[in-house]
2 protein chains.
Amino acid sequence: MLSKKTKYGLKALTYLASMDGKEPVQIAEIAKHENISQKFLESILLTLRRNGFLGSKKGKGGGYYLIREPHEILMTSVIRVLEGPIAMVPCVSLNFYEKCDDCPDENKCSVHKLMLQVRDSALEVYRNNTLADLIS
Amino acid sequence: MLSKKTKYGLKALTYLASMDGKEPVQIAEIAKHENISQKFLESILLTLRRNGFLGSKKGKGGGYYLIREPHEILMTSVIRVLEGPIAMVPCVSLNFYEKCDDCPDENKCSVHKLMLQVRDSALEVYRNNTLADLIS
DNA sequence: TAATTCCCTATCGATTTAATAGGAATTTCA
DNA sequence: TGAAATTCCTATTAAATCGATAGGGAATTA
């Protein structure tokens with residue numbers, strides 16, 4: 001299940017991308033437009049800023065804005081920052097690999113085999129979608 | 001993230017399929033072989049039986065066994081029973097559809113658009129894999 | 001009748017999630 | 001210079017979910 005954090009983050013990014021200008025947009029405006037709890041959105045935007053997706057400006061006329069072009073922002077990176085691993089089990093994760101406690105041999109594991117395919121198919125989707133693709 | 005329930009359920013099914021014979025296999029044997037908490041596995045096998053994947057026999061020499069051929073058991077149905085929806089958001093789910101509270105128009109929603117693709121790619125994997133495919 | 005094995009419900013502890021609270025820091029502008 | 005606007009940051013909480021455990025009941029076998 002996709003977390004609300006990721007869902008809201010994607011919606012906020014899309015909203016900012018659709019604004020297009022580099023004018024800062026206030027949290028309150030995004031929250032209202034997308035029906036998101038303002039305080040919750042606040043923490044999400046902070047994460048996106050700390051991870052290099054957004055810039056911010058304080059004080060009157062302040063807000064958040066994209067610091068990269070929408071077509072440069074891959075869904076793989078957004079998902080990894082907001083949601084974490086794309087893989088459904090750590091033993092097939094590229095960026096968050098972990099060995100399973102129970103499994104003596106990954107290569108013989110049926111779950112591993114299946115989830116490898118699922119990961120690859122999800123990766124292909126995320127790699128083929130940038131923020132720009134989500135707008136139109 | 002894939003739940004342990006699903007992971008263990010898949011491992012148990014694979015083990016039963018690899019036995020091949022219609023001889024009942026005891027919970028304890030599966031649990032030991034796959035390093036799973038026996039009591040937890042018990043409840044999982046019960047779910048699989050109630051959903052038409054397994055048969056069972058009580059008393060000495062009892063246990064669980066597959067009641068369909070491995071190549072007839074699609075991953076779509078196993079996943080839906082153990083894990084629930086394949087979709088990452090209810091608004092793109094085929095079998096567990098639900099409207100989003102916040103979203104006024106699904107067709108304009110960027111998250112919807114992305115998650116539709118993710119669902120389709122996952123579905124394709126699950127539809128192309130039967131229990132038989134996981135064994136070899 | 002005793003042993004074996006699955007059947008069933010309830011409960012628990014830990015973790016995660018979504019949201020809230022409350023104020024600090026910075027910037028703008030009158 | 002000071003008040004308003006806005007982001008920044010940490011802590012807390014309520015609810016849900018997950019993985020596991022407990023404890024006995026019911027059926028089957030020998």
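Per chain, numbering begins at 1; letters A, B, ... match sequence-line order.
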Item to check | d(CG, B:Leu2; C1', D:dG19) in whole Å | outcome: 14 Å
Next on the checklist: Checking A:Glu29 against A:Tyr15: is there a side-chain donor and acceptor pair closer than 3.5 Å?
Outcome noted: yes
Checklist entry - Starting at the 5' end of DNA chain C and moving along, which residue's nearest nucleotide shows up first, A:Lys58 or A:Ile36? => result A:Ile36
Checklist entry - Are any of the side-chain heavy atoms of B:Leu131 and B:Val78 separated by less than 4.5 Å? => result no
Checklist entry - At under 4.0 Å between heavy atoms, what does A:Leu45 touch on the DNA or RNA strands: base, sugar-phosphate, or nothing? => result nothing
Checklist entry - Between A:Asp102 and B:Lys11, is the closest basic N to carboxylate O distance under 4.0 Å? => result yes
Checklist entry - According to a strict under-4.0 Å criterion, is B:Arg50 in side-chain N/O contact with OP1 or OP2 of C:dC6? => result no
Checklist entry - Roughly how far, to the nearest 0.5 Å, is the CD atom of A:Gln38 from the CG atom of A:Leu41? => result 7.5 Å
Item to check | Between D:dC8 (P) and A:Gln26 (CD): distance, integer Å | outcome: 13 Å
Checklist entry - Side-chain donor-acceptor pair under 3.5 Å between A:Ser3 and A:Glu83, yes or no? => result yes
Next on the checklist: Rounding to an integer number of Å, can you tell me how far B:Lys57 NZ sits from C:dC7 P?
Outcome noted: 13 Å
Checklist entry - Atom CG of A:Leu41 to atom P of D:dC9: distance rounded to whole Å? => result 16 Å
Item to check | Closest contact, heavy atoms only, A:Glu23 versus A:Tyr65 | outcome: O-CB, 4.2 Å
Next on the checklist: Please report the distance, rounded to the nearest Å, between NZ in B:Lys4 and P in C:dT16.
Outcome noted: 12 Å
Would you tabulate the pairs of protein nitrogen or oxygen atoms and nucleotide nitrogen or oxygen atoms of nucleotides 20-24 of chain C closer than 3.5 angstrom?
residue : atom : partner : partner atom : Å
C:dT20  : OP2  : A:Ser37 : OG           : 3.2
C:dG22  : O6   : A:Lys39 : NZ           : 2.2

Checklist outcome for this item: Whichever of B:Lys60 and B:Tyr64 has the more 5' nearest nucleotide on DNA chain C, that residue is B:Lys60
Checklist outcome for this item: When rounded to whole Å, the CD1 to P distance for the pair A:Ile44 and D:dC8 reads 14 Å
Next on the checklist: Does D:dC8 have OP1 or OP2 under 4.0 Å away from a side-chain N or O of A:Arg49?
Outcome noted: yes
